[in-house]
Amino acid sequence: MKLKSQINNVIKDAFTKAGIEHEPMSVSEATKPEFGDYQFNGAMALSKKIGKNPREIAQNILDNIDLTGVLSKAEIAGPGFINLWLNPLWIGAQCQTALEDERLGISIRENPIKVVVDYSGPNMAKQMHVGHLRSTIIGDTLANLLTFLGDEVIRQNHIGDWGTQFGMLIAYLEMKDEDGSVSLKDLEQFYKDAKGEFDANADFANKAREYVVKIQSGDAHCLNLWQKFIDISLGHCEEVYEKLNVNLTRDDVRAESFYNDELPKVVEVLADKGTLQESDGAQCVFLEGDEIPVIVQKGDGGYLYATTDLAALWYRAEVLGAKRISYVVDARQAGHFKQVFRVAKEAGFVPEDVKLEHIAFGTMMDKGGKPFKTRDGGTVKLIDLLDEAVVKAKETINNKEDYTPEQVDELAKIIGIGAVKYADLAINRESNYIFNWDKMLSFEGNTSLYMQYGYARIQSIFRKYNAPIEGEIIIGDALEHRLATMLLRFEDVLSRAAVDASSNQITTYLYELVTLFMRFYEQNPILKGGIDEEVKMSRLQLANLTAKTIKQGLDILGIKVVDKL
RNA sequence: GCACUCAUAGCUCAGCUGGAUAGAGCAUCGGUUUGCGGUACCGAAGGUCUCAGGUUCGAAUCCUGAUGGGUGUACCA
């Protein structure tokens, strides 16, 4: 239900009837319940354009506003605000419609576009660490969200599988002379060992360098080893994706190496356009206003990540046909993407109408506000963090004796992983955020457990009331009215979150929804004695729609729900 | 040096295209129960939105400057 545009239409009609030629600005949610459900603030803005005083304009709009359908009441307040009340009959009916629909009344985009979401992007030389968490889950949420709204989403995992370090790694793999399944269990250690050998053993170092060249020139033996290495390393990542409940598969992988053949062409095209300049032996594009050039080819002839990114942009826009390309990458790379996007547009790798965006996010910090590290200063492996979350989640489960050990484990997984993801997604992605176990595993405040608890509580109602539900949703009091309105806002929230790629708009909404439901439920009994049958039916349906909305919202965030906690 | 970014309650954070008395949670203090899941709900207290100007009928939000923090600054990705 596109609630806001429904209300906007009513205002628009009022404008037409009132003979106001201007396009009305959009209504917004009322800041307080006393001010109604929505408010229209456009009268003040119009006052100068039309040359009348705002209250007069507001009165004119008010006189022409239709109060028989969507709205039931409208009032002028203050300098010219128009406060709007939704019609209880109408919102009741709309909730009913939503409840009967699989998609909860949320429309599928009429003009869907192809969107590439580039996220996760682990380095095959190392194990995934906490730094990959945000890219992975923010990107996954964006992809889930756009898919749900009807866009054609192409997930792209731009893994780092190319570069000088791989010569060293496969040379070391060969030296160990085994299939890799043992020594690659701990990539971090393997990398360290290889590096140790590289530094200590000149013969090995030479061989490593030799292997870099061999891979790049397509030597079968080396490529074979390299492939084996990548397969195992990617397998580690997939374990993490599985644990994280993230929808990335091998089909989504377009590695750096995938673009190898295109790299010389990128440089050629730029040279043909005349945008290329040599500087200190390197091939560069100097952008107007930027001091630092974009280097696309090194002095020794090698290519750089900007080159690969340009090739990838071309591939995504021209081959895949994307109209929106979203890079979910650490905010520190803002400068890089700004430049690469400009070059891509100016050189025509990407058509003008394609939207390129860097979905930047901040760093994960520890309690002291420092970048998140292990006690000895190393990076925290993502898999360890997730396992710890599950262990800690287990401690929060109260009546373990009600479940089998397997059920407890399953529950702990859902709760623990959900808590980590929710805590991250609930923060405005652009700011750094402080990682805090106690906070994220708390049942209080804007946490996943509060949502889970709310959801489980509703499920408990339906376990108790196991009979057919008939009748209509009747909006009887103020809390029901607010709850129903909140439920109908879901699509507006999702649309907005899709534009801004901001998951925290979804979490904020869910938190408000659950809070509102808890209040509603506190004051409006459902299954207690003395409740009128019609009212009971109505409230059961509101509860049901609330639960479905929570579930759908968390599903987009990639978080599972459980019926019992 | 230059560029980008952030600054909101003791703490952690919301605040959408500028709108009415700036909102939550934690912590503090107080209240609600013969309890449909109290891991809940209600209330109190807590703010010169870093500072100084400007634009506007109207600014936490937009612009300029200052201060303080973070990040980036050509052949790594």
Side-chain angles (χ1 to χ4, degrees), chain A residues 25-26 28-32 34-35 39 41-42 44-45 47-48 53-54 77-81 83 121 123 125 158 160 162-165 256 279-284 286 289-300 302-306 308-309 329-336 338 360 362-363 365 367 369 371 396 398 426-428 430-434 436 438-439 442-447 449-450 452-454 456-461 463-465 492-493 496-497 499-500 502 504-505 507-508 511-512 515 518-519 521-529 531 536 539 543 564-565:
Chain A
M25 64 184 269
S26 174
S28 51
E29 283 104 41
T31 50
K32 281 171 198 239
E34 310 92 271
F35 297 154
Q39 54 181 246
N41 303 330
M44 279 89 77
S47 126
K48 194 173 267 178
N53 85 58
F81 298 104
N83 294 335
N123 187 334
H158 190 80
W162 209 244
T164 47
Q165 50 201 340
E256 280 176 2
S279 175
D280 291 335
Q283 297 299 319
C284 308
F286 283 89
D290 279 6
E291 274 182 49
I292 303 145
V294 179
I295 303 180
V296 293
Q297 193 169 22
K298 296 195 277 187
D300 66 4
Y303 301 104
L304 292 112
Y305 72 128
T308 312
D309 277 340
V329 182
D330 193 297
R332 280 174 290 198
Q333 299 203 31
H336 165 71
K338 212 171 163 189
T363 314
M365 305 293 204
K367 264 188 186 170
T396 70
N398 262 343
I427 298 286
N428 179 342
E430 301 200 46
S431 48
N432 295 342
Y433 94 101
I434 295 182
N436 183 336
D438 295 336
K439 200 181 150 193
S442 161
F443 280 86
E444 287 155 359
N446 187 7
T447 65
L449 284 176
Y450 185 74
Q452 297 276 12
Y453 177 72
R457 229 177 143 178
I458 297 174
Q459 296 315 307
S460 154
I461 299 171
R463 274 194 294 277
K464 214 150 247 160
Y465 182 85
D492 285 341
V493 171
R496 181 83 210 172
V499 172
D500 300 341
S502 63
N504 76 311
Q505 293 186 29
T507 57
T508 301
Y511 179 54
E512 284 172 6
T515 305
M518 294 283 205
R519 291 177 60 185
Y521 192 42
E522 201 77 24
Q523 292 187 33
N524 302 33
I526 297 179
L527 299 182
K528 286 184 180 171
I531 304 296
K536 186 202 273 186
R539 288 178 183 170
K564 266 168 84 175
L565 273 183

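To find a chain, count down the sequence lines: A is the first, B the second, and so on, and within it residues start at 1. Heavy-atom basis, side chains included; hydrogens, waters and symmetry copies ignored.
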Taking a pair as Watson-Crick or G-U wobble with both distances under 3.5 Å, which nucleotide is matched to C16(B)? none
Is any N or O donor-acceptor pair between the side chain of Thr31(A) and the base of A22(B) shorter than 3.5 Å? no
Can you tell me the pairing partner of U67(B) across any strand shown, Watson-Crick or G-U wobble, with both distances under 3.5 angstrom? A7(B)
Any idea how Phe443(A) and Tyr453(A) line up, ring-wise: parallel (<30°), tilted (30 to 60°), or perpendicular (>60°)? perpendicular
Report the base-pairing partner of U39(B) (Watson-Crick or G-U wobble, both distances below 3.5 angstrom), or none. none
Protein N or O to nucleotides 54-57 of chain B N or O, pairs below 3.5 Å:
| residue | atom | partner | partner atom | Å |
| --- | --- | --- | --- | --- |
| C57(B) | OP1 | Lys48(A) | NZ | 2.4 |

Would the base of A74(B) count as contacting Asp290(A) through its side chain, where contact means a donor and an acceptor less than 3.5 Å apart? no
I'd like to check the side chain to side chain donor-acceptor pair (under 3.5 Å) partners of Ser28(A); sequence neighbours left out, ordered by chain and number. none
Every protein N/O lying under 3.5 Å from an N/O of nucleotides 60-64 of chain B:
none

Contacts of Gln165(A) that satisfy side-chain contact (heavy atoms from CB on, under 4.5 Å) - sequence neighbours left out: Asn123(A), Ala125(A), Tyr191(A)
What N/O pairs connect the protein and nucleotides 14-17 of chain B at under 3.5 Å? Give each pair on its own line.
| residue | atom | partner | partner atom | Å |
| --- | --- | --- | --- | --- |
| A14(B) | OP1 | Asn428(A) | N | 2.7 |
| C16(B) | O2' | Arg496(A) | NE | 3.0 |
| C16(B) | O2' | Arg496(A) | NH1 | 3.2 |
| C16(B) | O2' | Arg496(A) | NH2 | 2.7 |

Dump the pairs, protein N or O against N or O of nucleotides 25-35 of chain B, anything under 3.5 Å, distances to one decimal.
none

Find which nucleotide of RNA chain B each of Gly160(A) and Tyr433(A) is nearest to by heavy atoms, and output the residue with the more 5' nucleotide. Tyr433(A)
So what's G58(B) paired with, Watson-Crick or G-U wobble, going by both distances under 3.5 Å? none
